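See below for the structure under consideration.
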Amino acid sequence: MSFEYQVILLATKLANAKLEPIDEDLPHSMLPVCNRPLISYQLELLEKAGFHSVLVVINEFDQSKIRPFVLEIYKGKIEVEFFVLKDQIGTGEILYRIRDKIKTPNFIVMNGNLIADEGFVRKMADSHRSNDASFTVLLNPPPAAPTQPTKSESIDTSFVDYIALDENAQRILFMERATEIEDDIPISKSLLKHFPNLVFNNNLQDAQFYIFSRWVIDLIAEDQKSKNIQFVSIKNHLIPYLLSCQVPGHGNHLPATALNYLHDLGLSMSSSASPFNPSYHINQSTTGTIKCLAYLMPRDGYCANINNLQSYRAVNNDIARGASSSIKPHEPRGKNNYVDPTVQVAPTSVGADCVIGMATVLGAKSSVKKSIIGKHCKFGLSVRIENAIIMDHVTVEDGCSINGSIIGNNVYIKTKLAVKDSQVASGYTVKKELKSKAVGNELE
């Protein structure tokens, strides 16, 4: 599959992500998920799916933290090539910048916030190829029991999409962020004429795993030469344009490579067709249009995007409780938790669905419930930890309680303080009790 599909992993700062303050000192791709950097899950997914190489796009100010992990610490066999951005640009322009590196007939764009089982990749790629699609998107059904936000997180609707599929749930015909729609959903008469049975959904999530035909790069390149650039963003600009090109008589410009591709495709489809064959009439009425597909993540597969604090907590909890059989922490599996053998703690002090990293020390009479704790942390006597995510090198003095909170690297928490439903940025010293607060050195 590597020879037919080239992969681009966008490990840049996630647009519209709401991860403050835990991302103050960390690239999003290096955020720990069950004590593993987020990017490690993506590299592992691609390697398991059969890819031998990946082009990773990173920001210049993040490369000092991402490169050492990928090149020196990550133990996978996948070959990684970096493309470093010196300025902040949209995802559409990123594709233009790397256009000369994309050689395969189709290419995959994967967002740096995705964690998923690898099983869908080959089936999605086969569907894209066998159906002669120009664009295919992975859509994720809602979880059966979504994680509820804490009081300081609130419900976030900025990542909700309105998505229209055909009656067979195979073709995607419309996708727009809910925040971009003010009143009514803008559906053209021509779309309804040619696809009268489309079905709207607001509970499917764009997983931001896309497959494109190579000619899409030529479309972007031509756009970059124009005075008014359209395709700044893949999601906001390029995809809506491609979706509209499915309607006969759409009037949109397509590059010569796309028209050649569609012409050759039409000839191959009609080679055995006649006026008495239904495919003959289909070919005559859809000349110059493209096909965009939706691939729905199977219910038995795991898929999630980390784009805010609520989803960050949810993914950590999912992996800790074993929601996926293939996505696991590096710590060895115990009866119902993952605890590194170098951890110093009484076994009865650690409950189910916990992950504790190497060389961490918990004092006497301390307890951990449904929490993730990083490496080289030190906890004093009688510390209570529940529903928390605690990163590396954290020090917590005697008598503290941490509940429903996310604690960054190198945080120091003073004696007998309670931290509840809060987020603490890396390097911060907690000197007073926190309840439903977000604190960090850059916030003061």
Side-chain angles (χ1 to χ4, degrees), residues 22 29-49 74-76 113-123 138 140-150 205 207 209 296-343 345-358 360 362 366-375 377 385-392 402-407:
I22 64 170
S29 291
M30 293 300 292
L31 282 173
V33 177
C34 281
N35 295 341
R36 290 176 53 185
L38 177 54
I39 194 172
S40 72
Y41 292 94
Q42 295 147 7
L43 297 176
E44 185 176 81
L45 180 156
L46 295 172
E47 192 169 340
K48 287 181 177 179
Y74 180 72
K75 302 301 182 183
N113 67 357
L114 175 66
I115 289 185
D117 293 324
E118 76 282 357
F120 77 92
V121 179
R122 187 172 295 276
K123 294 179 182 178
L138 175 65
N140 190 26
T147 299
Q148 296 301 312
T150 64
Q205 184 180 27
F209 187 101
L296 272 62
M297 188 72 180
R299 286 286 184 180
D300 59 353
Y302 185 80
C303 178
N305 294 86
I306 295 177
N307 44 39
N308 55 21
L309 295 171
Q310 181 183 351
S311 57
Y312 179 70
R313 286 197 308 113
V315 172
N316 273 273
N317 293 338
D318 287 344
I319 295 174
R321 66 180 176 83
S324 166
S325 60
S326 64
I327 304 174
K328 300 177 181 179
H330 283 158
E331 290 80 5
R333 174 75 173 174
K335 182 179 180 181
N336 54 15
N337 53 38
Y338 298 86
V339 179
D340 190 271
T342 62
V343 171
V345 59
T348 55
S349 299
V350 181
D353 305 336
C354 290
V355 181
I356 305 181
M358 67 177 184
T360 284
L362 285 100
S366 294
S367 65
V368 183
K369 298 178 181 178
K370 297 185 181 300
S371 296
I372 292 89
I373 299 176
K375 301 181 289 292
C377 295
I385 303 167
E386 186 170 359
N387 295 319
I389 301 170
I390 300 173
M391 299 182 193
D392 298 342
I402 303 172
N403 190 301
S405 298
I406 305 173
I407 310 297

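Bear in mind the structure is a predicted one, so any value in this text is a computation, not a measurement. All heavy atoms count here, side chains included; hydrogens, waters and symmetry mates do not.
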Main-chain N/O of [Y] paired with [X] side-chain donor or acceptor, under 3.5 Å:
X	Y	value
Q42	L114	yes
N316	C34	yes
S349	S367	no
S326	D117	no
N140	C303	yes
N305	N307	no
T360	G374	yes
S371	K369	yes

Min side-chain heavy-atom separation [X]-[Y] under 4.5 Å:
X	Y	answer
M297	L138	yes
D340	I356	no
I373	V355	no
I22	L309	yes
D318	S324	no

Less than 3.5 Å apart, which donor and acceptor atoms pair up between the side chains of residues 331-339 and the rest of the protein, not counting sequence neighbours?
from	atom 1	to	atom 2	distance (Å)
E331	OE2	N35	ND2	3.2
N337	ND2	G351	O	3.1

For S405, what residues pass the side chain to side chain contact (heavy atoms under 4.5 Å, CB included) criterion, not counting sequence neighbours?
I402, I407, V419, S422
My understanding is that only residues two or more places apart in sequence, or in another chain, count here; which of them pass side chain to side chain contact (heavy atoms under 4.5 Å, CB included) with E44?
R36, K48, Y74
Minimum heavy-atom distance between V33 and Y41, given as atom pair plus value:
O-OH, 2.6 Å
Shortest non-hydrogen contact between R313 and I406, atoms and distance
CG-CD1, 3.7 Å
Would L45 and V121 count as a side-chain contact (heavy atoms from CB on, under 4.5 Å) here? Give the steps.
CA-CA 9 Å; L45 180 156; V121 179; 3.9 Å; yes
Once you round to the nearest 0.5 Å, how far does [atom1] of [X] lie from [atom2] of [Y]?
X	Y	atom1	atom2	value
K75	L43	NZ	CG	14.0 Å
I319	N317	CD1	CG	10.0 Å
N387	K370	CG	NZ	7.5 Å
S311	N113	OG	CG	8.0 Å

Give the C-alpha distance, both sets of side-chain angles, the deciding distance and a yes or no for side-chain contact (heavy atoms from CB on, under 4.5 Å) between L38 and V315.
CA-CA 11 Å; L38 177 54; V315 172; over 6 Å; no
